[in-house]
Protein chains: 2
Amino acid sequence: MSGFQRYKKILDLFSEERSSWTVLEISKSLKTPSSTIYRIVREMVTAEFLESASGSYFRLGPAFIKFNRIIKFSDPLVRAGQPFLKKLANENPITSVNVLARLYGNNVMCVADYKSPSFKKNTSYQRGKLMPLIYGATSRAIIMQITGKRLEDLINLENFKSDEDKKNFLKDLKSDRKKGYCFTEGQVDKGLIGFAVSISNKKLGIEASLSSIFNLDDFLLEHEPIIYANLTTYGLLVEKYINEIFEDIQKYHHETNSIR
Amino acid sequence: MSGFQRYKKILDLFSEERSSWTVLEISKSLKTPSSTIYRIVREMVTAEFLESASGSYFRLGPAFIKFNRIIKFSDPLVRAGQPFLKKLANENPITSVNVLARLYGNNVMCVADYKSPSFKKNTSYQRGKLMPLIYGATSRAIIMQITGKRLEDLINLENFKSDEDKKNFLKDLKSDRKKGYCFTEGQVDKGLIGFAVSISNKKLGIEASLSSIFNLDDFLLEHEPIIYANLTTYGLLVEKYINEIFEDIQKYHHETNSIR
DNA sequence: GTAAAATTCTCATTTTATAAGAAATTCTAG
DNA sequence: CTAGAATTTCTTATAAAATGAGAATTTTAC
């Protein structure tokens, strides 16, 4: 355990299900002497990445809330896409959850979401949540823009039920790429269906998707063209705004650099 | 520069105004050789605390979104208070911004906010934003629950305009403590007024506040008792829920510990 | 008030980080 | 496609920092 990993391993213990740990628990879990963990935890408390709670428990610190905010207000994808999610929800013919998601390591992470107020069911798509790479339209619209060795590497890390499954997945990917959008049914949450389009910006290294999720029960075939049209329109709009934000950033850096 | 500080110093460069940096810029800014920064940045990219953007720029990584989510769904204060903010907004006699805030080092940080849809002005109170310790009702309701040496230490770090100012501040603090709530006018945002009550839980180490912010123009004296009653009621309710969450956590840890 | 638990401290030893420059890779403009 | 520039990684001896066992101290709980 060295470098940043030393700290990361501790942070990775914290989850929604288990959000507070004592030093002794951490020490056992990482098989590291408690005197060492005490020192590291103290450092992280100073930096506000951890904070002490009651008992002798520690939990994630407010630094995450602060940096999350900075991302929310400066990340080009979130900045460009967030404002459109509500509009998309309002224009969809039936009640929906609308999601911006992107690649995060070997998973897909939701970075912004808007649920119509009338949408009842809980979905797995909420900001900050990791999603499987190979299930759901949201994820598929992201990987369908990746090709070659990179795609191969990503796919090889996944556990397909069978070789048959893998073949089908790759075939679907191809046809979705041609169609320009994805559709899946119940792959992530039962009773829900998803439509998605790709969002990308090479210069900014953005590989993402915009998706709308509906209750299967609400859905009629006649809705499909409207859903598709909405996603396509807003998808392009988001890409356009990402570009504008990119140019702003460039201009800003140019200015700050020339001043120096 | 050693330990976690090594990493923290880099992260602290990133802000809403300046959200992407090249290695060379970081290197200059921290007066550290670029070969060192390259290594550190690479580590942080692997851990997803940074990510590479276009050009040779780096920005904050998705790890913050992930951990922020875990906090949002597990932090007792946020979990207990978040659901009441909207209710509070709806029961207030005039349009409002409603905020949960807590101590964060030597500042106050907003950890949850709900703005009535009809509230026009932008306020400084948004989740993740740091606020001054000595201005605004939101902050005052937090420090008014701190006493003795701890209070002294906190206050001594602040720059008061004059000794007179400091005296007045301490006097106001005393009288607010007696009244049980705070009121300030235009200390943070011009044209806005704030009311706040304390939220605390010793066992969980929570020193926080619940506040409602209004447009001065909308406000009539007859609103005051209603505002005060709402804040007090919801403040107590939030504290009650924090307590319940605390007991849940205790039970959970008791179970998981006895299993082992 | 006291025993147990939590936390900090000490220090010899091991491990890791540092930084200068070389080497390799990636980008860019023609 | 290619040369040159910019970016990034690698190599290395040396300096610096982390480790962990156990003692010492502080805090907590009853």
Side-chain angles (χ1 to χ4, degrees), chain A residues 1-11 13 20-47 49-59 61 148-150 201-205 246-247 249-250 253-254 256-258 260, chain B residues 1-11 20-47 49-59 61 148-150 201-206 246-247 249-250 253-254 256-258 260:
Chain A
M1 196 161 54
S2 82
F4 195 68
Q5 273 310 103
R6 184 171 40 236
Y7 306 101
K8 180 81 183 331
K9 274 204 176 166
I10 292 179
L11 293 174
L13 291 173
S20 52
W21 291 74
T22 66
V23 167
L24 253 42
E25 286 166 354
I26 296 172
S27 160
K28 265 186 202 164
S29 182
L30 302 183
K31 296 186 179 81
T32 306
S34 58
S35 63
T36 302
I37 301 293
Y38 270 113
R39 184 171 32 76
I40 298 179
V41 165
R42 201 190 321 143
E43 273 186 84
M44 294 173 80
V45 169
T46 306
F49 276 65
L50 290 179
E51 65 177 12
S52 68
S54 75
S56 36
Y57 283 92
F58 291 86
R59 58 168 175 248
K149 194 177 175 331
R150 178 105 189 288
N201 185 304
K202 278 225 170 126
K203 288 182 188 170
L204 281 166
F246 172 67
E247 276 158 20
I249 295 171
Q250 287 244 314
H253 280 138
H254 185 70
T256 49
N257 282 336
S258 48
R260 280 173 203 171
Chain B
M1 196 159 58
S2 82
F4 195 68
Q5 274 309 105
R6 183 175 36 236
Y7 306 101
K8 180 82 183 332
K9 274 203 177 166
I10 292 179
L11 293 173
S20 52
W21 291 74
T22 66
V23 168
L24 253 41
E25 286 166 354
I26 296 171
S27 159
K28 266 185 203 166
S29 182
L30 302 182
K31 296 187 180 80
T32 307
S34 58
S35 63
T36 301
I37 302 294
Y38 270 114
R39 182 171 34 76
I40 298 178
V41 165
R42 202 190 319 143
E43 273 186 85
M44 294 172 80
V45 169
T46 306
F49 276 65
L50 290 179
E51 65 176 12
S52 67
S54 75
S56 36
Y57 283 92
F58 291 86
R59 60 165 118 79
K149 194 177 175 331
R150 178 105 189 287
N201 185 304
K202 278 223 171 127
K203 288 184 188 169
L204 281 167
I206 289 173
F246 171 67
E247 276 158 21
I249 296 172
Q250 287 243 314
H253 279 138
H254 184 71
T256 48
N257 282 336
S258 50
R260 279 176 206 171

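All values below were derived from every heavy atom in this structure, side-chain atoms included, with hydrogens, water molecules and symmetry-related copies excluded. Each chain gets a letter, A, B and so on, in the order its sequence line appears, and its residues count up from 1.
Within the structure, every side-chain polar atom (N or O) of B/Thr36 is placed at least 4.0 Å from both OP1 and OP2 of C/dT18. Close to D/dT9, at under 4.0 Å from its OP1 or OP2, lies no side-chain N or O of B/Tyr38. Contact check, B/Arg42 against D/dT9: a side-chain N or O comes under 4.0 Å of OP1 or OP2.
Taking atom CD of B/Glu25 as the reference point, atom P of D/dT8 lies 11 Å away to the nearest angstrom. Here the C1' atom of nucleotide D/dA18 and the CD atom of A/Gln5 are 16 Å apart, to the nearest Å. Protein atom CZ of B/Phe4 is 15 Å distant from nucleotide atom P of C/dA17, rounded to whole Å. Atoms NZ (A/Lys28) and P (D/dG20) sit 17 Å apart, rounded to a whole Å. Distance NZ (A/Lys31) to C1' (D/dG20): 17 Å, rounded to an integer number of Å. C/dT18 atom C1' lies 11 Å from atom CD1 of B/Ile37, rounded to whole Å. In this entry the distance linking OH of B/Tyr57 with C1' of D/dT7 reads 13 Å, nearest Å. Rounded to an integer number of Å, the gap from A/Arg39 CZ to C/dT8 C1' is 11 Å.
Under the 3.5 Å distance criterion, the side-chain polar atoms of A/Thr32 are left unmatched by any main-chain donor or acceptor of A/Ser27.
When distances are taken from the side chain of A/Pro33 to each of D/dA17, D/dG20, D/dT9, the shortest belongs to D/dG20. For B/Ser56, taking side-chain heavy atoms from C-beta onward, the closest of the listed nucleotides D/dT19, C/dA19, D/dT7 is D/dT7. You'll find that the side chain of A/Ile40 is closest to D/dT19, out of D/dT19, D/dT7, D/dG20. Closest approach to the A/Ser35 side chain among D/dC10, C/dA6, C/dC9 is made by C/dC9 (side chain taken as heavy atoms from C-beta onward). Across C/dA6, D/dT8, D/dA18, the shortest atom-to-atom separation from the side chain of B/Val23 is found for D/dT8.
Between A/Ile37 and A/Leu24 the shortest side-chain heavy-atom distance does not fall below 4.5 Å. Looking at B/Ile40 and B/Ile26, their side chains never come closer than 4.5 Å, going by heavy atoms from C-beta outward.
Mapped onto DNA chain C by nearest heavy atom, A/Phe58 and A/Ser2 fall at different nucleotides, with A/Phe58 at the one closer to the 5' end.
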Steps toward ring pair (Phe, Tyr, Trp, His ring centres under 6.0 Å) verdict (A/Phe4, B/Phe49): CA-CA 10 Å; A/Phe4 195 68; B/Phe49 276 65; 4.9 Å; yes

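Around the NZ atom of A/Lys9, the shell of radius 6.0 Å holds no more than 12 heavy atoms that belong to other residues, nucleotides or ligands.
Among the atoms of the strands shown, only primed sugar atoms or phosphate atoms (P, OP1, OP2) are found under 4.0 Å from some heavy atom of A/Thr32.
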